Every structure is written in C-alpha cells, then in structure tokens.
Novice: 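Have a look at the structure that comes next, please.
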2 protein chains.
Amino acid sequence: MFSIGQLSKRTGVKIPTIRYYEQMGLIDAPERSEGNQRRYTKDGLSRLSFIRHSRELGFSVEDIRGLLNLSQHPEKPCHDAHSIAAQHLKDVQTRIAKLRRLERELKRITQCDADNVADCAVIETLADHGLCETEH
Amino acid sequence: MFSIGQLSKRTGVKIPTIRYYEQMGLIDAPERSEGNQRRYTKDGLSRLSFIRHSRELGFSVEDIRGLLNLSQHPEKPCHDAHSIAAQHLKDVQTRIAKLRRLERELKRITQCDADNVADCAVIETLADHGLCETEH
DNA sequence: TCTTGAAGCTATAGCTACTAGAGACATTAT
DNA sequence: ATAATGTCTCTAGTAGCTATAGCTTCAAGA
C-alpha cells in the first residue's frame, strides 16, 4: 500500500495532479486509511504510470481515457489503439511543420541589427504581415 | 470608423477575442456610438493587426504587451524587442526538438501489427516506459 | 505516552487565450 | 414600420493542471 506521496514519488506525477486524475475519473478512487487518507495498490501504481507516460507522449486526457479502456480488454482487436496513436502522430507532425515555419520567420526577423525601434525589423514585421516570407 | 464586426473581418480576429483584448488592456477602449457600440479608427485597426500577427507567430499576450509598448517608442533602442523575439525563437526550437522525439517514438509504436490488445505495442509501450527508445 | 513536524484532507480559485451562450438593445435594409 | 442582423454585458466553460487556506492524520523521537 502506498500513500499518495509515495505514489507521487514513484511515478513523478505531482500530488494535486493525482487527485485531479481521480476527479476526472482516469484513476479509480482508492481505498482509504482509517483517517481518510488515500491508500494505493500496485495496480493503482501501474495505471498511473501508464497515464504519466501517455501524457509525456502528448496524448490528451480524453485519448488516455480511451487507451486505458482498451488496455483493460486484452482480447479486443487493437485497431482502436492504433487509430488513436496514428491520429496523434499526425497532430504532432502538423505541429512540427507549423513550428518550423515559425522558426524560419523568427530567425529571419531577429537578424535585424538596427539601433532603434523605428528601423527595427522585429517591430516592423509584426506590424505588417506583408513583410513575411512564408504564410502562417 | 469601423464597427467591431468590420474590424473582426478585416483582421481575422473574432469579435469576442477583440473584446477580450480590450479587457486585457492590449488595445485601448475605443469610442462608442450613441447606442454604446464600439467604433474603431485606423489606428485601432493597425494595433489589432499587430497583435494578430504576433499571435500567429506564437508570441504570448504578455510578450505582445511588451512589443506593443516598444512599438510606441520608435526612438528607443530595439534591444528589448530583439531579446523578446530571440527568447521566443529559442522556445520554439525547444518545442520542435521535443516534438521530434515524440514523433519518432510514436512512429515506432504505431508500427505494431498485432491483432489484439494483449500483444499491441501501442498499449504495451504506454504501460512500460522501459520499452521506449528515446528519453522524454 | 506525548509531542512535533511532515504529510494529507477538502474546497476554492487561478493560470492561458480564448469561446459560447443568454437575454437585451442598436442599427440597417426593405 | 418591421424584420433581420449586429452588438451589448455578463457569466461560465475549455485543457490540464497548480496554488492556497485551514484543517486533520500519521510516524518517529524523547
């Protein structure tokens, strides 16, 4: 049996976040001690680790709810898990592409070496989209 | 003079967002019509365009507050504008790097071709961080 | 056994940057 | 004049937590 603090240390999920997950129904409400404190089992630990890891990979809480659900049913086809992951991969790739365009634009505008704001490319570019090289 | 709807169309910023910016102090409260509706000048239009464009480049509202401030003082050195932009560029690059690692990991785990959840690499990897190739 | 300090409890509010909705009033076109 | 559209304020909701207040419980040392 782990206290919430021990669970937190083992998984790296902060205490208020664990309680938040419980509230959101991602983890079951665990048993309580006589004094009403949460007591977790190994099962609770691995479920939370699953969540933690999924969050690190950027899955949304809703996605995780689905994945957790699937993981409880080992006999089911894993097609659903794949489509969640594949969709997420796509999202990540879209975000990368977008950020790359931003990076290019930011690199360009930070290269200005003017002395004052009047001639500054940063300010000027922000004021006038027409000065941008790429679309965004 | 533009109504809020016209301003919205010209800048691409949604009406509630314009009001939100006003509330946040990013744009000045404009004059009102006799019937209490907002009426904007060209100045208001260009200020909002500046904000819109900065948001598109991913600057935070706080950053934009600083940049707008600087843009009002053309005689000032533009060092501050540069450091805001440079810091933002750095953030963007960090995010790109992180997303690339995610992308790699997601690509790897979505390549599984198991039939059911019990053998599914997606689920398995999420449950056990040790199966990951890269750190995150 | 008593005490003390750390850890845990609930409930509420705050964060970013908006977005949505309700219900009332203003403006514009016909 | 009337109807359709636009705008007003206010409140609450979104994701995924984080922080605070004021209280109770637990575990270890004297």
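Values in this document were obtained by computation on a predicted structure and should not be read as measured data. Each chain gets a letter, A, B and so on, in the order the sequences are listed, and its residues count up from 1.
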Novice: Using the side-chain heavy atoms of B/Arg55, tell me which of these nucleotides is nearest: C/dC18, C/dC9, D/dG16.
Specialist: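 Taking heavy atoms from C-beta onward, the closest nucleotide is C/dC18.
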Novice: Given C/dG8, is OP1 or OP2 found less than 4.0 Å from the side-chain N or O atoms of A/Arg38?
Specialist: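 For A/Arg38, the contact criterion (side-chain N or O under 4.0 Å from OP1 or OP2 of C/dG8) is not met.
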Novice: Nearest of C/dT10, D/dC26, D/dT18 to any side-chain atom of A/Pro16?
Specialist: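 Ranking C/dT10, D/dC26, D/dT18 by closest atom to the A/Pro16 side chain puts D/dT18 first.
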Novice: Measure CD1/B/Ile18 against P/D/dG6 and give the value in whole Å, please.
Specialist: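 After rounding, the gap between these two atoms is 14 Å.
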Novice: Side chain of B/Tyr20 only, please: which of C/dT10, D/dT7, C/dC18 is the nearest?
Specialist: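 Looking only at side-chain atoms, B/Tyr20 lies closest to C/dC18.
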Novice: Atom CG of A/Asn36 and atom P of C/dG8: how far apart are they, to the nearest Å?
Specialist: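 Distance check: A/Asn36 CG to C/dG8 P gives 13 Å.
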Novice: Give a yes/no on whether any side-chain N or O of B/Ser33 is located under 4.0 angstrom from OP1 or OP2 of D/dT7.
Specialist: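 For D/dT7, OP1/OP2 do not have a side-chain N/O of B/Ser33 under 4.0 Å.
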Novice: In whole Å, what is the span from the CG atom of B/Leu26 to the C1' atom of C/dT16?
Specialist: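 After rounding, the reported distance stands at 13 Å.
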Novice: Which whole-number value in Å describes the distance from A/Met24 CE to D/dT18 P?
Specialist: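 After rounding, the gap between these two atoms is 14 Å.
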Novice: Name the residue closer to the 5' end of DNA chain C, choosing between B/Arg39 and B/Glu62 according to the nucleotide with the nearest heavy atom.
Specialist: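 The residue mapped nearer the 5' terminus is B/Glu62.
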Novice: Tell me if the CD atom of A/Glu31 is crowded by more than 12 foreign heavy atoms within 6.0 Å.
Specialist: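 Atom CD in A/Glu31 is not crowded, with 12 or fewer foreign heavy atoms closer than 6.0 Å.
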Novice: Where each residue is assigned the nucleotide of DNA chain C containing its nearest heavy atom, which of A/Gln6 and B/Glu34 is assigned the position nearer the 5′ end?
Specialist: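 Taking each residue's closest nucleotide, the earlier one in sequence belongs to A/Gln6.
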Novice: Nearest-Å distance, CD (A/Glu22) to P (D/dT18)?
Specialist: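 So the CD-P distance, A/Glu22 to D/dT18, works out to 17 Å.
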Novice: Output the rounded distance in Å from CG (A/Asp91) to C1' (D/dA15).
Specialist: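 Going from A/Asp91 (CG) to D/dA15 (C1'), I get 15 Å.
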Novice: Name the closest nucleotide to the A/Ser3 side chain, picking from D/dT9, C/dT27, C/dG8.
Specialist: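 Closest of the options to the side chain of A/Ser3: C/dG8.
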Novice: With the side chain of A/Thr17 defined as its heavy atoms from C-beta on, choose the nearest nucleotide among C/dA26, D/dT25, D/dT18.
Specialist: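 Within the option list, the nearest is D/dT18.
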Novice: Taking CD from A/Gln37 and P from C/dA6, how many angstroms apart are they, rounded to a whole number?
Specialist: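 For the pair A/Gln37 CD and C/dA6 P, the rounded distance is 16 Å.
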Novice: I'd like to know if A/Glu105 pairs up with A/Arg108 as an ion pair, taking the criterion as any Lys NZ or Arg NE/NH1/NH2 lying under 4.0 Å from an Asp or Glu carboxylate oxygen.
Specialist: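 Yes.
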Novice: Can you measure A/Leu7 atom CG to C/dG8 atom C1' for me and round it to whole angstrom units?
Specialist: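 After rounding, the reported distance stands at 14 Å.
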Novice: Hey, does the side chain of A/Lys14 come within less than 4.0 Å of D/dT18's phosphate (OP1/OP2), counting only N and O?
Specialist: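 For D/dT18, OP1/OP2 do have a side-chain N/O of A/Lys14 under 4.0 Å.
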Novice: Would A/Glu62 and A/Arg65 pass as an ion pair if we require N to O under 4.0 Å?
Specialist: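 Yes, A/Glu62 and A/Arg65 are salt-bridged.
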Novice: With a cut-off of 6.0 Å (strictly less than), are more than 12 heavy atoms of other residues, nucleotides or ligands near CD of A/Gln23?
Specialist: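 Result for CD/A/Gln23: open.
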Novice: Output the single nucleotide from C/dG8, C/dC18, D/dC8 whose closest atom is nearest the side chain of B/Tyr21.
Specialist: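 My answer, after comparing the listed nucleotides, is C/dC18.
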Novice: Go through the steps to decide whether A/Gln72 and A/Arg47 satisfy the test side-chain hydrogen bond (donor to acceptor under 3.5 Å, both in side chains), and finish with yes or no.
Specialist: CA-CA 10 Å; A/Gln72 308 298 125; A/Arg47 197 170 165 100; 3.0 Å; yes
Novice: Out of C/dG8, C/dT10, D/dT9, which nucleotide sits closest to the side chain of A/Ile15?
Specialist: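 Comparing C/dG8, C/dT10, D/dT9 against the side chain of A/Ile15, the answer is C/dG8.
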Novice: So, is A/Arg32 close to the C/dT10 phosphate, meaning a side-chain N or O under 4.0 Å from OP1 or OP2?
Specialist: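 For C/dT10, OP1 or OP2 has a side-chain N or O of A/Arg32 closer than 4.0 Å.
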Novice: Can you tell me if A/Arg19 touches the phosphate of C/dC9, counting only side-chain N or O atoms and a distance under 4.0 Å to OP1 or OP2?
Specialist: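 So the side-chain polar atoms of A/Arg19 do come within 4.0 Å of the phosphate oxygens OP1 or OP2 of C/dC9, strictly under.
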Novice: Any sub-3.5 Å donor-acceptor pair from B/Thr94's side-chain atoms to B/Lys90's backbone N or O?
Specialist: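 Confirmed, B/Thr94 side chain pairs with B/Lys90 backbone.
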